[in-house]
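Quick notes on the structure that follows.
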Amino acid sequence: MQLSKPHHSTGQSASTRSLFLSYLYVPGHHLKRIGSAYSSDADAVVLDLEDGVPDSKKQYARELVSDVVSGAVAKPTFVRVNSVASGLCTDDVLAVAGPALSGLRLPKVRGLDDLAHVTGLLAELGHPAGVQLLIESAAALEVAYPLAAASPAVTMLGLGESDLRVNLGCELDGRTMDAARIRVITASRAAGLPSPCQSVYAEVRDPEGLRDSCLHGKRLGFLGRMAIHPGQLPIIHQVYRPTPDEIAEAVDICEAADRADQQDTSVVVSDRQRLVAPPIVANARRVLELAHALELLPDVS
């Protein structure tokens, strides 16, 4: 099938940066919207073959996305394939395992067998893509840590909150859902994975609601967020990026910690008159590592 290409980079692959604060979902059957996604401020693009694509367009979306990932792209590109249970997953993976594929998002994971199926396909293809797992049921939530720790190919856990909410019979903003969020964050960190990205916020015309939700997610321990509209990206970045003042304070704390080492003490007062103890230093170093990974600093102090 001959397709007009969405905006691609010319002669260069997408950035090799591995930490993203924003992923923008785009339906895999909308060529124009795919082009717009690559022109957006998103750190990474997720081409969707699952819920964002009607059944009548599944084959077309697979072919279009296969074409996109067959060449260079302007941003790191992930593909949300259909679930293993759908019967479409194998053909999805085989079609989209192109040179521009950074990773797969595997929805509605039921357990370790689903993960093994997809990682086995990637291994047979010799493709280095990682796999992000979406937990969308109570049964999958119960094995969050085994899933996170099962394979080096697993790069992130996430929640499919809409489906999980239905399965749990709870409110999206209630304590039960927060317990599920905390479970995924804890499992991720226990398995040595990065802090997971927060799930999408469905109300695209509610910026204040998005901001409040992002602030809540950040307090819980999420890092970054999935988006469904380019207009959501500025708020996501504003909430999750370290501010210049946070970076400056982290630098100040780390410099004070270095002085403490020279004075053979573990506690010292920074230039900003803040008590600097080991847990505070650890958090400051995390801020600087994040700023460096996001290319906000030339190097880590």
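Residue numbers count from 1 along this sequence.
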Which donor-acceptor pairs under 3.5 Å do side chains of residues 87-99 form with protein atoms, sequence neighbours excluded?
from	atom 1	to	atom 2	distance (Å)
T90	OG1	H117	NE2	2.7
D92	OD1	R62	NE	2.8
D92	OD1	R62	NH2	3.1
D92	OD2	N82	N	2.9
D92	OD2	N82	ND2	2.8

From [X] [atom1] over to [Y] [atom2], what is the distance, rounded to the nearest 0.5 angstrom?
X	Y	atom1	atom2	value
F222	H216	CZ	NE2	8.5 Å
L47	H29	CG	NE2	12.5 Å
Q232	S40	CD	OG	11.5 Å
L24	R225	CG	CZ	13.5 Å
L223	L290	CG	CG	5.5 Å
S102	Q132	OG	CD	9.5 Å

Taking the side chain as every heavy atom from C-beta outward, state whether Y201 and D206 have any pair of such atoms under 4.5 Å apart.
->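 When only atoms from C-beta onward are counted, D206 and Y201 do touch, with a gap below 4.5 Å.
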Is there side-chain contact between L101 and T77, with heavy atoms separated by less than 4.5 Å?
->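 In short, these two side chains do not touch, never coming nearer than 4.5 Å.
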Are [X] and [Y] grouped together when hydrophobic residues (ILVMFWY) are joined by side-chain heavy atoms under 4.5 angstrom apart?
X	Y	value
L210	Y240	yes
V79	V53	no
L19	V287	no
L233	L294	no
V81	I34	yes

Side chain to side chain contact (heavy atoms under 4.5 Å, CB included) evaluation trace for L193 with M156 | CA-CA 6 Å; L193 296 179; M156 187 193 296; 5.8 Å; no
Which atom names give the shortest non-hydrogen contact between [X] and [Y], and what distance separates them?
X	Y	answer
E171	M177	O-CB, 3.7 Å
A37	K75	O-CE, 3.8 Å
D51	D48	N-OD2, 3.8 Å
S83	K108	CB-CB, 4.0 Å
A85	R110	CB-NH1, 3.6 Å
L21	I236	O-CG2, 3.5 Å

Any residue meeting ring-ring contact (aromatic ring centres under 6.0 Å, His included) with Y23, in chain and number order, not counting sequence neighbours |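 Y23: ring-ring contact (aromatic ring centres under 6.0 Å, His included) contacts with F20, F78.
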Working for side chain to side chain contact (heavy atoms under 4.5 Å, CB included), residues V131 and L122 | CA-CA 10 Å; V131 182; L122 290 171; 3.8 Å; yes
Charged N-O contact under 4.0 Å between R175 and D178 =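 Answer for the salt bridge query: no.
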Is the shortest distance from a Lys or Arg side-chain nitrogen in R105 or E50 to a carboxylate oxygen in the other one below 4.0 Å?
->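 Not counted as a salt bridge, because no side-chain N and carboxylate O are separated by less than 4.0 Å.
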Given D43, V45, I235, the one that forms side-chain contact (heavy atoms from CB on, under 4.5 Å) with S22 | D43
I'd like a table of donor-acceptor pairs (distance under 3.5 Å, sequence neighbours excluded) in which one partner is a side-chain atom from residues 139-149, with atom names and distances.
from	atom 1	to	atom 2	distance (Å)
E142	OE2	R183	NH1	3.4

Please lay out, stage by stage, how R80 and L134 fare under the test side chain to side chain contact (heavy atoms under 4.5 Å, CB included).
-> CA-CA 10 Å; R80 181 168 71 171; L134 289 174; 3.9 Å; yes
Side-chain donor-acceptor pair under 3.5 Å between R181 and Q198, yes or no?
->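 Q198 and R181 do not have a side-chain donor-acceptor pair below 3.5 Å.
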Kindly indicate, with the supporting measurements, whether the criterion side chain to side chain contact (heavy atoms under 4.5 Å, CB included) is fulfilled by R286 and S195.
-> CA-CA 12 Å; R286 182 176 182 272; S195 300; 3.7 Å; yes
